[in-house]
Amino acid sequence: EEASPPSDMSVAYRVQTAMTDVLNAYRFEFDESPENWEAWREGIPTNVTERVDTCVDDLGYGAASQAACVGIIYSACPGGAGSTNDMANCSVMESDYWDARLNRVYGELRDLWSQQDAEERGYNEDAVQLAPTLLTAQRAWIKYRDESCSMQRNLFRGGTMGRITAADCMNSMTAARAMELESFMGEM
């Protein structure tokens with residue numbers, strides 16, 4: 001019989017257990033078989049990106065989904081448990097996925113807000129314009145992400161772990177931003 005956690009830790013214990021369950025539900029086991037490597041040469045397999053989409057759909061756009069849904073592609077990538085170079089390449093593949101997702105939602109949101117801005121100007125020329133604000137915020141965010149991840153790389157002073165850490169930083173920050181913009185679309 002499993003012992004129950006102490007009462008003063010029950011909330012933290014429940015949260016940790018729930019997060020572990022979520023992570024286990026969406027992650028893949030590393031599969032370094034030749035067939036799996038071959039599938040990844042063509043790009044991220046569809047079943048992997050579908051699992052990411054399902055994770056975000058199931059969990060929404062908050063911190064829980066960012067913790068659970070980021071890393072699914074990496075966990076499926078055959079090189080994720082391999083050499084430093086393989087690990088960095090897997091992280092970059094996931095980062096590329098989130099970057100494409102971010103660019104897609106950014107474009108959709110920009111188009112939507114541009115249309116709304118034009119409609120607003122039709123009857124209120126002093127209306128707040130969202131599309132230019134989005135552009136300014138996105139440019140500032142990109143600079144912040146790039147500088148933050150560069151700092152992560154530099155912490156290792158040229159060591160091989162710096163490449164992995166920087167790729168993971170890009171991955172995590174880009175995914176978080178993509179989900180943030182997707183949440184704005186959901187509010188429209």
Side-chain angles (χ1 to χ4, degrees), residues 11-112 138 141-142 144-146 148-149 152-153 160-161 163-188:
V11 172
Y13 177 81
R14 288 193 311 249
V15 168
Q16 181 180 7
T17 301
M19 284 304 297
T20 300
D21 291 346
V22 168
L23 290 172
N24 290 335
Y26 294 101
R27 302 286 177 175
F28 287 87
E29 293 294 323
F30 288 115
D31 177 3
E32 296 187 76
S33 66
E35 302 82 35
N36 196 26
W37 275 105
E38 193 59 37
W40 281 78
R41 290 191 207 304
E42 302 297 320
I44 302 169
T46 304
N47 69 317
V48 177
T49 57
E50 287 172 351
R51 190 172 292 187
V52 175
D53 295 341
T54 301
C55 182
V56 173
D57 290 346
D58 288 352
L59 299 179
Y61 301 107
S65 61
Q66 291 172 19
C69 302
V70 177
I72 291 173
I73 293 169
Y74 183 91
S75 73
C77 183
S83 69
T84 302
N85 192 46
D86 287 345
M87 290 188 297
N89 288 337
C90 288
S91 192
V92 167
M93 287 181 82
E94 181 159 9
S95 185
D96 289 348
Y97 165 83
W98 286 110
D99 193 52
R101 189 169 174 148
L102 172 61
N103 288 331
R104 179 187 45 77
V105 70
Y106 172 81
E108 291 171 2
L109 194 57
R110 182 198 61 226
D111 293 348
L112 174 66
Q138 191 66 7
W141 175 83
I142 290 168
Y144 170 72
R145 179 200 59 188
D146 292 351
S148 294
C149 294
Q152 292 287 330
R153 175 186 285 259
T160 57
M161 283 305 293
R163 182 171 173 222
I164 294 171
T165 303
D168 184 55
C169 175
M170 292 292 282
N171 181 13
S172 298
M173 291 185 76
T174 303
R177 183 65 173 169
M179 286 188 262
E180 179 182 27
L181 295 186
E182 287 172 351
S183 74
F184 294 156
M185 290 292 293
E187 295 172 6
M188 297 292 155

Between CD on residue Glu108 and CG on residue Asn103, distance to nearest 0.5 Å: 11.0 Å
Sequence-distant partners of Arg110, side-chain contact (heavy atoms from CB on, under 4.5 Å), two or more places apart: Tyr106, Ser114, Leu134
Heavy-atom closest contact (Ala167 atom, Ala88 atom, distance): CB-O, 4.3 Å
Listed partners of Cys169 passing side-chain contact (heavy atoms from CB on, under 4.5 Å), at least two apart: Cys149, Gln152, Met173
Under the side-chain contact (heavy atoms from CB on, under 4.5 Å) test, residues paired with Asp53 that sit two or more places apart: Tyr97, Arg101
Arg51 CZ to Ile72 CD1 distance, which is reported to the nearest 0.5 Å: 7.5 Å
Ser91: side chain to side chain donor-acceptor pair (under 3.5 Å) partners, not counting sequence neighbours: none
For Ala176, all residues meeting side-chain contact (heavy atoms from CB on, under 4.5 Å), sequence neighbours excluded: Gln66
Qualifying residues under salt bridge (charged side-chain N to carboxylate O under 4.0 Å, His left out), relative to Asp111, sequence neighbours excluded: none
Nearest atoms (heavy-atom pairs only) where Ala175 meets Trp98: CB-CD2, 3.3 Å
Spatial distance of atom CE (Met170) from atom CD (Glu94) [nearest 0.5 Å]: 13.0 Å
Flag for Thr174-Arg145: side-chain donor and acceptor within less than 3.5 Å: yes
Inter-residue atom distance Leu181.CG - Trp141.CH2, 0.5 Å rounding: 8.5 Å
Atom pair CD (Gln138) and CG (Leu109), whose distance is rounded to the nearest 0.5 Å: 9.5 Å
Asp168: partners by side chain to side chain donor-acceptor pair (under 3.5 Å), with sequence neighbours left out: none
CE-CG distance between Met185 and Leu112, expressed to the nearest 0.5 angstrom: 5.5 Å
Pairing of Glu182 and Arg177 as salt bridge, 4.0 angstrom limit: no
Beyond-backbone contact of Thr160 with Ile164, side-chain heavy atoms, under 4.5 angstrom: no
Any Met93 side-chain heavy atom under 4.5 Å of Ile44 side chain: yes
